[in-house]
Amino acid sequence: MGVTAGSVLNRLLCDKGHLTKPSNPTTVKAITSKILTYLDSGHLPKAVSILFASPFPFQFSLYAHLFQLCSSNRAILEVRKVESHLVTFSPIPPIFLLNRAIEAYAKCGSLGDARELFEEMPQRDGGSWNALITAYSQTGNPEDAFGLFIKMNRSGFLPNEITFASVLGSCAAVLALWLSRQIHAVIFKYGFNGNVILGSSLVDIYGKCGVMRDARGIFDEIQNPNDISWNIIVRRYLEMGEGKEAIIMFFQMFVAAVRPLNFTFSNALVACSSITALEEGMQIHGAAIKMGFENDEVVLSSLIDMYAKCGELENACAIFDQPKSKNLISGTSIVSGYAMSGQTWKAREFFNEMPERNVVTWNAMLAGYTHYFQWEEALNFIFLMVNTTKNIDQVTLGLILKVCAGLSDVEMGKQVHGFIYRHDFCSNIFVGNGLLDMYGKCGYLKSAKTVWFHQISQCRDRISWNTLLSSYARHGRSELAMKIFCEMQLEETPDEYTFAILLAACANIFALEQGKQIHGFMIRNGYTMDSVVRGALVDMYSKCHSIEYAIMVFKERASRDVILWNSMILGCCHNYKGREVLKCFGLMEDEGIKPDHVTFRGVLHACTYEGFVELGRQYFDSMTNEYGIIPRLEHYECMIELYSQWAYMDELENFVKNMPFDPTVPMLTRVLDACRRHGCLRLGQWAAQRLNE
DNA sequence: GTAGGGTTAG
């Protein structure tokens, strides 16, 4: 251990004999210039080591300079030497220099030295308090910083801007909203409310605490918000899920003529991805180039990710091909972009050619396979991953569990469970919920319950409850689901997702009364009926053959997206109201809503019920020709059903023999059945032969 | 001379 601040100071105070020595200008001057030479060549320890060659004090500015250099170099031993020289040879060291020493100790990570020097100082000023409060605040000791702040006030020192900034920093670290509001009031009282830094800090805290209205109010009152202030407000909107507002504020920066930081560009671009605002993203791209960010690695990576997430893979790749763009992060963005747009094959090709990958890259690829239900590929990839890299984290485990659930492979799920147990991922809520979901989807409700009580009982959240509910609902245990819902309300507020699960549970067992009760509960408790919930309601009412109620919910509000239209269309299908389906399809188009593959499933079903064979064929053709939707397996199944049921045997034969893929077993069975019923030998023989193959 | 934000990918 070196000499601590306090002990040197004590020696100084007890033994003042050598303090009366006169200074020697020539010695001091010579050593100063030697020290400066060392500093110029970057030799801080050497410079400090010759301090004691002079038994006289140096100019104060030299000490200040040395403390600053020690801080940036984290050179604790040198701080001690400089302080030692200062207090040994200056009769009364100026307070500001000792404050610098406190700051230097703190920057070097030694709160002990900082505190000791503070305690032993013969005299303190407000700056000394500030230095120590900042020291505690910046080293992650917010409680101590608050304590010192109170002590400072009691000792009769008035806090200034610096004090408030430090204390607010601690408030932000522990989200102390209530304390922040009080300090906000005091700041106002002292007239510091025009201060940009304090204003920005308050915006930061209110934003972090989720009260964006207050945050925005303060932001609007800052007279000249600077780049950091703008960065904070954009970032906070983004974090609160208000991507649109974040982008609006970003463009406001240009009106205010403040040059954005590269991080602000990055935040704004993430905001664009979050709401797939490609148009705005491209404008930001243009602005970035105009303002000279075309070689900024952070901005380039963010641009690549924005284009990839918005489905513009060509643009993303074009930027990636620029020399400054190629790195692990942007490469991972490309993999993720291809994977999550369904082009898993391209993603894999790119993945295989990457010079380096990390766990995020691997997860991005795996997420693509799971998202598109490519279980076989996912499984092979998992084996490759386990054999290639030791890096598996909670995201990987969550995805692997998703694969187990998708394949209903509970044996593999149990093995993963063992791995989770052995590698101490048990306390991770993300993994815990994944386990719960896996057992639930595999129908192992008992195991799900064990996970529930023994693994996540301490840390369960709303997602855990929803997962448990949906595993009971999926297996027709509706009454139990309702009971669990009652328990849930004791510790979590249900969300829209909860109700969608419950309504689906009711629909599955045709529990109209309970469905109505949930509907009423939501209305009484002021839940927003978003399109997911309205879809679940339409679905429940139509499955329970209360089509009038379904229509009522459907017509309630004007905003209807494709999902809600689909719910209504499938609801009509359930009630064998084929003509209504086709009517809906027309109205939907009038509203400007583009039909998707689910819509066409409903439409083709409707044509089957009503016997509109020719119309059904026209709709099927229009999918590719007019709407750009590639027919899926289920649409081919619908057409086979349509022709089979209405005995259009020539059309059936032509259709089934010209599909772009081999007919599946259920398809051939259906064809064979139709041939038997309508006496079509040739096609029947063909189907039987294909079945035997 | 002391004070604030942020690190893009799953």
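Chain letters run A, B, ... following the sequence lines, proteins first, then strands; residues in each count from 1.
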(Q) Please pick, from B/dT8, B/dA3, B/dG5, the nucleotide with the shortest atom-to-atom distance to any side-chain atom of A/Asp204. (A) B/dG5
Q. For DNA chain B, what residues of residues 142-152 of chain A have any heavy atom nearer than 4.0 Å?
A. none
Q.
For a quick check of understanding: with a heavy-atom distance under 4.0 Å over all strands, which category does A/Glu239 fall into, base, sugar-phosphate or nothing?
A. nothing
(Q) Between A/His184 and A/Phe188, is the ring centroid distance below 6.0 Å? (A) no
**Q.** Length of the CG-P vector between A/Asn358 and B/dT8, whole Å
**A.** 12 Å
(Q) Checking side chain to side chain contact (heavy atoms under 4.5 Å, CB included) between A/Ile232 and each of A/Asp204, A/Asn267, A/Ile205, which is the one that passes? (A) A/Asp204
Q. Should the pair A/Phe350 and A/Phe320 be assigned to parallel (<30°), tilted (30 to 60°) or perpendicular (>60°) ring geometry?
A. perpendicular
Q.
Does a side-chain N or O of A/Gln68 approach OP1 or OP2 of B/dT2 to a distance below 4.0 Å, or not?
A. no
Q) Is any N or O donor-acceptor pair between the side chain of A/Ser201 and the base of B/dG4 shorter than 3.5 Å? A) no
Q.
Going by the rule salt bridge (Lys or Arg N to Asp or Glu O under 4.0 Å), which residues pair with A/Arg462 if we only count those two or more places apart in sequence or in a different chain?
A. A/Asp495
Would you give me the side-chain donor-acceptor pairs under 3.5 Å for residues 167-178 of chain A, sequence neighbours excluded?
from, atom 1, to, atom 2, distance (Å)
A/Ser170, OG, A/Ser137, OG, 3.2

Q. With sequence neighbours left out, which residue pairs that include part of residues 267-289 of chain A fulfil the ring pair (Phe, Tyr, Trp, His ring centres under 6.0 Å) condition?
A. A/His285-A/Tyr307
Q: Between B/dT2, B/dA9, B/dT8, spot the one nearest the side chain of A/Ile162, thanks.
A: B/dT2
Q | Base B/dG1 paired with A/Arg100 side chain (donor-acceptor, <3.5 Å) | A | yes
**Q.** Of the listed nucleotides B/dG4, B/dT7, B/dT8, the one nearest the side chain of A/Arg235
**A.** B/dT7
(Q) Using a heavy-atom cut-off of 4.0 Å across all strands, would you classify A/Ile232 as base, sugar-phosphate, or nothing? (A) sugar-phosphate
Q) Which nucleotide sits closest to the side chain of A/Lys309: B/dA3, B/dA9, B/dT8? A) B/dA9
Q) A/Ser229 near the nucleic acid: base, sugar-phosphate alone, or nothing, with a heavy-atom cut-off under 4.0 Å? A) base
Q.
I want to check one thing: is the phosphate of B/dG4, taken as OP1 and OP2, less than 4.0 Å away from some side-chain N or O of A/Arg236?
A. no
Q) Touch check for A/Asn231, heavy atoms < 4.0 angstrom, all strands: base, sugar-phosphate only, or nothing? A) base
Q: May I ask you to verify whether the side chain of A/Asn226 and the base of B/dG4 hold a donor-acceptor pair under 3.5 Å?
A: yes
Q.
For DNA chain B, which residues of residues 164-186 of chain A approach it to below 4.0 angstrom with any heavy atom?
A. A/Ala165
Q: Cation-pi check, A/Arg124 to A/Phe118: give yes when NZ or CZ is under 6.0 Å from the six-membered ring centre and within 45° of the ring axis, no otherwise.
A: yes
**Q.** Interatomic distance, A/Asn99 CG vs B/dT2 C1' [rounded to whole Å]
**A.** 8 Å
Q: Under 4.0 Å between any heavy atoms, over every strand shown, what does A/Asn267 touch: base, sugar-phosphate, or nothing? Just pick one.
A: nothing
Q | Distance in angstrom units between A/Ile334 CD1 and B/dT8 P, rounded | A | 17 Å
**Q.** A/Leu62 CG - B/dG1 P separation (whole Å)
**A.** 13 Å
Q) A/Phe293 vs A/Phe265 aromatic rings, parallel, tilted or perpendicular, using cut-offs 30° and 60°? A) tilted
**Q.** Rounded distance in Å - CG (A/Leu202) to C1' (B/dA3)
**A.** 13 Å
Q: Measure the distance from CD1 on A/Ile329 to C1' on B/dT7 and round it to the nearest whole Å.
A: 8 Å
(Q) Could you tell me how far apart A/Met306 (CE) and B/dT8 (C1') are, to the nearest whole angstrom? (A) 13 Å
Q | Closest nucleotide among B/dT7, B/dT2, B/dT8 to the A/Ser302 side chain | A | B/dT8
Q) For the side chain of A/Ser301, counting heavy atoms from C-beta on, which of B/dA9, B/dG4, B/dT8 is nearest? A) B/dT8
Q: For A/Val196, answer base if it contacts any base atom (sugar-phosphate contacts may also be present), sugar-phosphate if it contacts only those atoms, and nothing otherwise; contact means non-hydrogen atoms under 4.0 Å.
A: base
Q | is_close_aromatic(A/Phe373, A/Tyr369), centroid dist under 6.0 Å | A | no
Q.
What is the distance, to the nearest angstrom, from the CD1 atom on A/Ile218 to the P atom on B/dG5?
A. 15 Å
Q.
Restricting to side-chain hydrogen bond (donor to acceptor under 3.5 Å, both in side chains), what partner residues turn up for A/Asp437, sequence neighbours left out?
A. A/Lys441
Q: Using the ring of A/Phe351 (Phe, Tyr or Trp, six-membered ring only), decide whether A/Arg357 places NZ or CZ under 6.0 Å from its centre and within 45 degrees of its axis.
A: yes
